[in-house]
Amino acid sequence: QVQLEESGGGSVQAGGSLTLSCRVAEATYNSRSNCVGWFRQAPGKEREGVAAIYTVGGSTYYADSRKDRFTISRDNAKKMVYLRMNGLRPEDTAMYYCAAGDWVGSPIDLYEYNSWGQGTQVTVSS
């Protein structure tokens, strides 16, 4: 069973918005210990954390440089986690991944996560 599946990427102009979606397997989503994070990786750069959310409790976490434009949320009925991105900039161009981990101590740290989706591409043109 696929644990995580991203969608919603695409090409937008600078200043535009996108909402990425991550479908989470039900058993994973319903686990009290489960945390889902969004990460991104630009060409030639390391993967970096964007935001994370505990799917049962709802606590959210953001990388400091992302909290003003990005919002993470969830839909318990649909077992979905979303990343709303506003005011997109060319430097936001990257492959975006969602990932799941248990009792994540540092939610923005990618090494805390052990299950990853395939990613969805976001391209922002100037």
Side-chain angles (χ1 to χ4, degrees):
Q1 181 184 11
V2 175
Q3 294 294 318
L4 302 154
E5 185 173 13
E6 305 94 338
S7 61
S11 297
V12 296
Q13 290 193 328
S17 298
L18 276 177
T19 298
L20 306 183
S21 300
C22 177
R23 183 176 301 278
V24 184
E26 184 169 4
T28 298
Y29 189 100
N30 290 338
S31 169
R32 290 182 63 248
S33 63
N34 180 62
C35 187
V36 172
W38 281 101
F39 299 83
R40 68 185 189 182
Q41 188 166 18
K45 295 188 176 181
E46 294 184 353
R47 194 169 297 189
E48 61 181 2
V50 177
I53 187 168
Y54 272 93
T55 49
V56 173
S59 296
T60 58
Y61 307 85
Y62 293 89
D64 287 343
S65 59
R66 245 71 75 186
K67 62 177 63 176
D68 57 337
R69 297 185 294 122
F70 293 2
T71 303
I72 192 169
S73 62
R74 74 200 199 284
D75 184 322
N76 292 334
K78 296 181 179 179
K79 314 304 181 192
M80 299 285 284
V81 173
Y82 304 100
L83 183 69
R84 174 69 176 178
M85 305 184 293
N86 296 322
L88 283 164
R89 305 165 181 168
E91 53 264 40
D92 294 316
T93 295
M95 184 71 79
Y96 283 73
Y97 300 88
C98 64
D102 288 324
W103 294 123
V104 172
S106 299
I108 306 302
D109 185 349
L110 64 94
Y111 296 105
E112 297 270 9
Y113 294 82
N114 52 21
S115 183
W116 291 80
Q118 294 298 307
T120 186
Q121 177 69 38
V122 172
T123 302
V124 185
S125 58
S126 57

Identify the two heavy atoms, one from Gly105 and one from Pro107, that lie closest to each other, and give their separation to 0.1 Å. O-CD, 3.5 Å
I want to check something: taking the side chain as every heavy atom from C-beta on, are Lys79 and Thr28 in contact at a cut-off of under 4.5 Å? no
If you compare all heavy atoms of Val36 against all heavy atoms of Cys22, which two are closest, and at what distance to 0.1 Å? CG1-SG, 4.4 Å
Assess whether atom CZ of Arg23 is packed by more than 12 heavy atoms of other residues, nucleotides or ligands within 6.0 Å. no
What's the spacing between Glu48 CD and Gln41 CD if we round to 0.5 Å? 9.5 Å
Give a yes or no answer on whether the side chain of Glu112 reaches the backbone of Ser106 with a donor-acceptor pair at less than 3.5 Å. yes
For atom CD of Glu91, decide whether the heavy atoms of other residues, nucleotides or ligands shown that lie under 6.0 angstrom number more than 12. yes
Determine whether a donor-acceptor pair (N or O, by modelled atom type, separation under 3.5 Å) exists between the side chain of Glu6 and the backbone of Gln118. yes
When rounded to the nearest 0.5 angstrom, what distance separates OG in Ser126 from CD in Gln13? 9.0 Å
For Tyr29, which of Asn76, Asp75, Asn34 qualifies under side-chain hydrogen bond (donor to acceptor under 3.5 Å, both in side chains)? Asn76
Given side chains that start at C-beta, do those of Tyr97 and Leu4 come closer than 4.5 Å, heavy atoms only? no
Find the distance between CG (Leu83) and OH (Tyr96) and round it off to the nearest 0.5 Å. 7.5 Å
Going by heavy atoms in the side chains, are Val12 and Met85 under 4.5 Å from each other? no
Indicate yes or no: at least one non-hydrogen side-chain atom of Tyr54 is less than 4.5 angstrom from one of Val104. yes
Treat each ILVMFWY residue as a node, draw an edge where side-chain heavy atoms are under 4.5 Å apart, and state whether Trp103 and Tyr61 are in one component. yes
Strictly distance-based, threshold 3.5 Å: is any side-chain N or O of Thr93 a donor or acceptor partner for the main-chain N or O of Pro90? yes
ILVMFWY network linking Phe39 to Val81, side-chain heavy atoms under 4.5 angstrom: no
Keeping Tyr62 on the side-chain end and Ile108 on the backbone end, is there a donor-acceptor pair under 3.5 Å? no
How long is the span from the SG atom in Cys35 to the CG atom in Asp102, to the nearest 0.5 Å? 9.5 Å
Would you compute the distance between atom CG of Leu20 and atom CZ of Phe70 and round it to the nearest 0.5 angstrom? 8.5 Å
Taking the side chain as C-beta and beyond, is there a heavy-atom pair between Tyr82 and Arg84 under 4.5 Å? no
Measure the shortest side-chain to side-chain distance between Thr120 and Ser7 over non-hydrogen atoms and say whether it is less than 4.5 angstrom. no
What distance do Ile72 atom CD1 and Cys98 atom SG have between them, rounded to the nearest 0.5 Å? 9.0 Å
Is Arg74 reaching over with its side chain to a backbone N or O of Thr55, donor-acceptor style, under 3.5 angstrom? yes
